[in-house]
2 protein chains.
Amino acid sequence: MRNRLQNGHVVTLADVARRAGVSASTASRALNGRGELSDQTRAAVADAARALQFQPSQLARSLRTSTTHTVGFVVPDVSSPFYAAALKGAQTTLHDAGYRTLLMDCEQSADREIEALQTLLAHRVDGLLVSTVGLGRERFEEVTGGRVPCVFFDSSIVGSGEGSVILDNYAGIDLLVDHFVEHGHRRIGLLAGSPSETSGFERRAAFEAAMARHEPHVTIAGIAGREWSLHEGTHATHELLALEEPPTALVASSVELALGAMLTCRERGVRIPDDLALAAFDDAYFAELLDPPLTAVTYRPREVGEAAASLLVEAMGDDEPGARDLRFDVRLIVRGSCGCPR
Amino acid sequence: MRNRLQNGHVVTLADVARRAGVSASTASRALNGRGELSDQTRAAVADAARALQFQPSQLARSLRTSTTHTVGFVVPDVSSPFYAAALKGAQTTLHDAGYRTLLMDCEQSADREIEALQTLLAHRVDGLLVSTVGLGRERFEEVTGGRVPCVFFDSSIVGSGEGSVILDNYAGIDLLVDHFVEHGHRRIGLLAGSPSETSGFERRAAFEAAMARHEPHVTIAGIAGREWSLHEGTHATHELLALEEPPTALVASSVELALGAMLTCRERGVRIPDDLALAAFDDAYFAELLDPPLTAVTYRPREVGEAAASLLVEAMGDDEPGARDLRFDVRLIVRGSCGCPR
DNA sequence: CTGTTAGCGCTTTCAA
DNA sequence: TTGAAAGCGCTAACAG
């Protein structure tokens with residue numbers, strides 16, 4: 001137990017007040033610059049605070065004011081480049097608006113997401129920024145009870161009455177599919193991500209819709225995968241390659257999935273793009289340096305975080321704002337991983 | 001302002017007590033399972049709490065008990081794979097020990113690191129896990145005043161009396177240098193990271209020491225770089241390649257730096273490994289898929305986080321533990337990015 | 001087994 | 001311009 005100074009006593013506002021020869025309320029006012037005070041006392045309090053290395057307790061302050069200036073940020077996996085970048089964007093915006101960020105990684109588990117939400121609520125965060133792994137509306141409302149403003153990012157819960165900011169999954173998949181079709185591919189496969197997450201669900205739906213538009217010239221060779229990991233990518237690719245009529249082109253719902261596909265192709269002696277064209281939704285800073293360089297749909301993950309944070313800051317303000325939904329544009333970067341079918 | 005239920009009132013322990021027909025203290029005991037209570041009241045309280053969707057305020061609880069069960073985690077950059085993984089490891093260990101994690105990304109800035117530390121202290125965290133960007137001992141102690149237990153990871157502050165866990169930077173660099181020397185390289189260069197961070201400093205020192213051991217047959221062609229970024233890697237590589245006697249092999253202090261080198265080589269038409277051998281301290285899950293696959297020193301970043309967290313949990317316990325320093329083993333994975341000089 | 005009382009450290013009326 | 005007093009929501013003696 002070291003949470004105290006050598007005299008065995010945490011420095012409190014009362015200590016500062018005593019040393020400055022004023023009352024606690026005066027000390028409080030001086031430190032927060034509220035009310036009219038003589039310059040003299042103001043200085044005395046400041047000196048005392050400095051001398052004692054006073055750190056006001058946010059705990060007590062928050063308890064009193066019932067506002068913590070803290071927001072909770074819940075993601076399925078911080079080590080994913082997308083969430084890491086979104087976090088930084090959100091953090092910056094929130095910091096500038098005077099909020100701190102409490103991060104929770106729920107490791108892709110709905111139960112841990114609920115746990116995280118509860119912890120955050122217990123800490124009385126002023127707002128929530130969440131990329132849900134797929135909690136339904138009832139479950140979500142059961143936990144939060146609408147107690148705090150919440151903005152979803154890279155996910156949304158329909159009818160929750162909250163704002164959200166997501167990528168334009170439909171446009172991105174269209175870009176990928178159309179590119180393949182234009183280059184003569186007729187059998188295209190999809191490496192799908194988690195179906196319970198908005199982006200996993202939408203990308204798959206978008207793929208099916210895009211392919212339907214090109215029927216009957218082009219057909220879905222197969223769809224495999226239910227998670228976002230590299231591992232899942234390897235398995236799903238094996239599965240699609242083993243098909244009687246395997247795809248000549250593969251759309252991966254994420255970079256990790258694409259990387260898995262590359263690994264599997266290497267293992268099976270399938271050459272990219274000669275034997276199989278590959279492209280991914282999601283860019284990465286190393287995509288260009290891969291062998292072969294990966295064609296990808298790209299966007300600014302940091303801005304997604306910033307936008308979500310702005311929405312939340314607005315929602316946390318006193319004026320009740322209409323929940324808004326933002327959809328971010330994406331674009332295609334063609335690199336060496338896709339070509340025409342043989 | 002929505003931080004209240006529809007009746008305009010946050011549910012408090014008193015509400016639960018009232019509904020259950022007991023006193024607040026009894027309700028508290030029932031909810032926390034402390035003291036001897038009749039099963040009847042226990043059940044009544046539980047029912048009331050559930051019915052009201054009661055979420056105890058951690059704020060009030062912490063204020064009263066002066067323990068928050070929360071630890072602060074400060075890193076220079078969450079989007080770095082190393083820190084992201086370390087965070088997950090630490091978070092898991094801490095979660096199992098009953099602690100929550102408050103993350104702060106200081107974006108490589110010493111000022112923001114201090115700010116983060118202050119915020120964390122104001123929130124009365126029970127402990128600190130920090131990878132410092134290079135605060136000196138005085139500065140650090142000025143801020144924390146030894147108020148809470150602290151464990152440094154991937155960094156350390158000499159003489160701070162705190163525990164630390166870092167990678168064996170010396171062994172890692174030795175592995176890299178020796179590998180190059182064995183393959184006949186005589187002029188080796190270094191892409192250095194931030195000199196104010198322990199790992200940046202040590203990797204450079206290790207490089208100089210390792211090279212000294214091979215003198216006079218082998219010489220340092222040059223050392224460039226003062227940051228960890230990919231960008232810095234491109235510039236530093238340009239610099240070394242422009243030397244009158246450029247290196248035939250390059251040791252990169254991090255993957256990002258190595259990636260920068262690859263970009264620059266591609267731009268200048270320098271072939272890897274034919275014209276220049278390249279290897280990095282730090283592995284990445286995509287290293288094998290790069291063109292060419294990157295030779296790297298690898299380790300388990302997650303375990304670094306776990307170890308640091310364990311140390312901290314121990315330090316936060318009542319028994320004053322001796323500050324310990326752990327150094328993690330690393331090993332070399334040889335891939336295609338290095339060969340013999342022409 | 002349970003209620004009463006006090007108080008964690010701060011802010012905020014209300015008086016002076 | 002400043003102080004006294006109350007209270008945020010909870011827990012921990014101390015009684016009963």
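Residue numbers start from 1 in every chain, and the chains themselves are labelled A, B, ... in the order their sequence lines are given, proteins ahead of strands.
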Q: Scan side-chain atoms only and decide if B/Thr67 and B/Thr65 contain a donor-acceptor pair under the 3.5 Å cut-off.
A: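 B/Thr65 and B/Thr67 do not have a side-chain donor-acceptor pair below 3.5 Å.
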Q) Regarding B/Gln108 and B/Trp228, is there a side-chain donor-to-acceptor distance under 3.5 Å anywhere? A)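 Checked: B/Gln108/B/Trp228 side chains show no N/O donor-acceptor pair below 3.5 Å.
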Rounded to whole Å, please give me the gap between [atom1] in [X] and [atom2] in [N].
| X | N | atom1 | atom2 | answer |
| --- | --- | --- | --- | --- |
| B/Phe54 | D/dT11 | CZ | C1' | 12 Å |
| B/Gln55 | D/dC10 | CD | C1' | 15 Å |
| B/Asn32 | D/dA12 | CG | C1' | 12 Å |
| A/Arg124 | D/dG9 | CZ | C1' | 9 Å |
| B/Leu121 | C/dG9 | CG | C1' | 16 Å |
| A/Asp39 | D/dT1 | CG | P | 9 Å |
| A/Leu59 | D/dT11 | CG | C1' | 14 Å |
| A/Asp15 | C/dC8 | CG | P | 11 Å |

Q | Any B/Thr101 side-chain heavy atom under 4.5 Å of B/Leu87 side chain | A |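 A side-chain contact exists here, since the closest heavy-atom pair is under 4.5 Å.
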**Q.** Close side-chain approach of B/Thr68 to B/His123, heavy-atom, < 4.5 Å
**A.**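 Side chain of B/Thr68 against side chain of B/His123, heavy atoms only: no contact under 4.5 Å found.
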Q | Pairwise 5' ranking along DNA chain C for A/Ser25 and B/Gln40, keeping only the more 5' one | A |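 Result: B/Gln40.
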Q: With DNA chain C as reference, determine whether A/Leu13 or B/Ala27 sits nearer its 5' end, using the nearest nucleotide of each.
A: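 By nearest-heavy-atom nucleotide position, the 5'-most residue is B/Ala27.
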(Q) Tell me whether the rings of B/Tyr83 and B/Phe153 are parallel (<30°), tilted (30 to 60°) or perpendicular (>60°). (A)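 Perpendicular.
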Give a yes/no answer on whether the side chain of [X] brings an N or O atom under 4.0 Å of OP1 or OP2 in [N].
| X | N | result |
| --- | --- | --- |
| B/Ser23 | C/dG3 | yes |
| B/Ser57 | D/dC10 | no |
| A/Thr41 | D/dT2 | yes |
| A/Ser28 | C/dT12 | no |

Q | Note: B/Arg112-B/Asp105 ion pair, threshold 4.0 Å (strictly below) | A |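 No, no charged N to carboxylate O under 4.0 Å.
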Q: Identify whether the distance between the nearest side-chain nitrogen and carboxylate oxygen of B/Asp47 and B/Arg19 falls below 4.0 Å.
A: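 No, no charged N to carboxylate O under 4.0 Å.
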Q: List in chain and number order the residues that pass side-chain contact (heavy atoms from CB on, under 4.5 Å) with A/Ala84, two or more places apart in sequence or in another chain; answer none if no residue qualifies.
A: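 In terms of side-chain contact (heavy atoms from CB on, under 4.5 Å), with neighbours along the sequence ignored, A/Ala84 is linked to B/Ser79.
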Q.
Mind checking if B/Arg34 touches a base, just sugar-phosphate, or nothing, with heavy atoms under 4.0 Å?
A.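 Contact class for B/Arg34: sugar-phosphate only.
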Q: Quick one: label B/Ser62 by what it contacts on the DNA or RNA (base, sugar-phosphate, nothing), any heavy atom closer than 4.0 Å.
A: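 B/Ser62: no heavy atom of the nucleic acid under 4.0 Å.
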(Q) Base of D/dG3, side chain of A/Arg29 - is there a donor-acceptor contact under 3.5 Å? (A)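 Pair found.
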Q. Choosing from D/dT2, D/dT11, D/dT1, which nucleotide comes nearest the side chain of A/Thr26?
A.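 Shortest atom-to-atom distance from the side chain points to D/dT2.
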Q) Taking the side chain of A/Arg61 as its heavy atoms from C-beta onward, which of D/dT2, C/dC10, C/dT4 lies nearest to it? A)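 Shortest atom-to-atom distance from the side chain points to C/dC10.
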Can you pull every protein N or O that's under 3.5 Å from an N or O on nucleotides 6-8 of chain D?
{"from": "D/dG7", "atom 1": "N2", "to": "A/Arg64", "atom 2": "NH1", "distance (Å)": "3.2"}
{"from": "D/dC8", "atom 1": "O2", "to": "A/Arg64", "atom 2": "N", "distance (Å)": "3.4"}

